[in-house]
Amino acid sequence: MIEVLSEQQVDQARPAGRFVGRVLAELRERTRPGTNLLEIDEWARTMIADEGAVSCYVDYAPSFGRGPFGKVICTSVNDAVLHGLPHDYRLVDGDLLTLDFAVSVQGWVADAAISFVVGDRVDPADQQLIEATRTALAAGIAQARPGRRVGDISHAIGTVLTRAGYRVNTEFGGHGVGTTMHQDPHVANNGRPGRGLKLKPGMLLAIEPWVMADTDRLVMDPDGWTLRSSTGCRTAHTEHTVAITRGGPVILTEPA
């Protein structure tokens, strides 16, 4: 399913984006060495309840996971890159943490992710990995314009990541959002320009470059959800929900 929103509906979706951006910013501020992943999930759960929002994750049970997910946020640490199931683990100085968060507010979904190093022990290689995903995201967003195609976004992302020396997995990537979390089109993190669905004003896309330091192969945790690098290398993941408008791309999940 692909939803194309009116200008009024795009405006109605903005509060969801602002909330997701705010939650991720606040969780990053509160997270430090010694924080338990279950604490992060509980903080996010409280913020969802206070907002009157609805988690997109708790009851989520796709074919690739051992569902339902049961938590309200994905917490992926170090070699975990996607769908990290929160568990009893206390973060240590230097851990590379990704938080991926999606909710529905007043019927509209927003989805975003951030990666950052916990504490003060920042390995330059980790920061380079994170910056590559941020730069790739910016390049992809720049292509999210009416008349461009999904392949233009994918090509822009893949160009940045491969030039930075990383291999790109296209099994999981970005996607459409609207009244539900995962919609068409699939937005791979590498592709050919000029190919794929033509973009229209009113489409909402969750664009999400993610990368692993020395591989493009994933392995599944015994928890049935957490996806890790096959070599145990570090990983990073950055995501925004973007509205395609006549005036160009608008990031809905940018923190205020």
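Numbering starts at 1 and runs along the sequence shown. Only heavy atoms go into these numbers, but all of them, side chains included; no hydrogens, no water, no symmetry mates. Given the structure is predicted, the values throughout are model-derived calculations rather than measurements.
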A.B. asks: List for me each residue that meets side-chain contact (heavy atoms from CB on, under 4.5 Å) alongside Pro201, sequence neighbours excluded, and say none if there are none.
C.D. replies: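 Applying side-chain contact (heavy atoms from CB on, under 4.5 Å) to Pro201 gives Pro146, Arg246.
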A.B. asks: Listed by chain and number, what are the side-chain hydrogen bond (donor to acceptor under 3.5 Å, both in side chains) partners of Ser230, not counting sequence neighbours?
C.D. replies: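 Per chain and number, Ser230 pairs via side-chain hydrogen bond (donor to acceptor under 3.5 Å, both in side chains) with Thr215.
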A.B. asks: Atom NE2 in His240, atom CD in Glu254: separation rounded to 0.5 Å?
C.D. replies: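 One gets 4.0 Å once the value is rounded to the nearest 0.5 Å.
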A.B. asks: Tell me, please, which residues at least two apart from Thr135 pass side-chain contact (heavy atoms from CB on, under 4.5 Å).
C.D. replies: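 Scan of Thr135 (side-chain contact (heavy atoms from CB on, under 4.5 Å), adjacent residues dropped) gives Val160.
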A.B. asks: side-chain hydrogen bond (donor to acceptor under 3.5 Å, both in side chains) with Asp216: which residues, sequence neighbours excluded?
C.D. replies: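 Testing Asp216 for side-chain hydrogen bond (donor to acceptor under 3.5 Å, both in side chains), a comparison that skips the adjacent residues, returns none.
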A.B. asks: Keeping to residues at least two apart or across chains, list the salt bridge (Lys or Arg N to Asp or Glu O under 4.0 Å) pairs with something in residues 29-39.
C.D. replies: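 Every pair satisfying salt bridge (Lys or Arg N to Asp or Glu O under 4.0 Å) with a residue in residues 29-39: Glu39-Arg90.
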A.B. asks: Looking only at non-hydrogen atoms, find the nearest pair between Glu208 and Gly173 and report the distance.
C.D. replies: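 That would be OE2-O, 3.1 Å.
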A.B. asks: Can you list the residues that meet the side-chain contact (heavy atoms from CB on, under 4.5 Å) rule with Ala144, with sequence neighbours excluded?
C.D. replies: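 In terms of side-chain contact (heavy atoms from CB on, under 4.5 Å), with neighbours along the sequence ignored, Ala144 is linked to Ile153, Ile207, Val242, Ile244, Pro249.
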A.B. asks: Is the number of heavy atoms from other residues, nucleotides or ligands under 6.0 Å of Arg167 CZ greater than 12?
C.D. replies: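 Count over threshold, so yes.
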A.B. asks: Which pairs count as salt bridge (Lys or Arg N to Asp or Glu O under 4.0 Å) when at least one residue sits in residues 124-140, sequence neighbours excluded?
C.D. replies: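 Listed by first then second residue: Asp126-Arg234, Glu131-Arg134.
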A.B. asks: For Thr235, enumerate each residue passing the side-chain contact (heavy atoms from CB on, under 4.5 Å) test, keeping only those at least two apart in sequence or located in another chain.
C.D. replies: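 side-chain contact (heavy atoms from CB on, under 4.5 Å) list for Thr235, sorted by chain: Val81, Met212, Ser229.
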A.B. asks: Taking atom CD of Glu7 as the centre, report whether more than 12 heavy atoms of other residues, nucleotides or ligands fall under 6.0 Å from it.
C.D. replies: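 Incorrect, the count does not exceed 12.
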A.B. asks: Quick one: side-chain hydrogen bond (donor to acceptor under 3.5 Å, both in side chains) partners of Asp123, sequence neighbours excluded?
C.D. replies: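 Listed in chain order: nothing, the list is empty.
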A.B. asks: For Asp50, which residues count as a side-chain hydrogen bond (donor to acceptor under 3.5 Å, both in side chains) partner, sequence neighbours excluded?
C.D. replies: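 Per chain and number, Asp50 pairs via side-chain hydrogen bond (donor to acceptor under 3.5 Å, both in side chains) with no residue.
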A.B. asks: In chain order, what residues pass the salt bridge (Lys or Arg N to Asp or Glu O under 4.0 Å) check against Arg228, with sequence neighbours excluded?
C.D. replies: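 Expected list: Asp79, Asp221.
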A.B. asks: Below 3.5 Å, can you tabulate the donor-acceptor pairs from side chains in residues 59-67 to any protein atom, sequence neighbours excluded?
C.D. replies:
unit_1 : atom_1 : unit_2 : atom_2 : d
Tyr60  : OH     : His182 : ND1    : 2.6
Arg66  : NH1    : Pro222 : O      : 2.7
Arg66  : NH2    : Pro222 : O      : 3.2

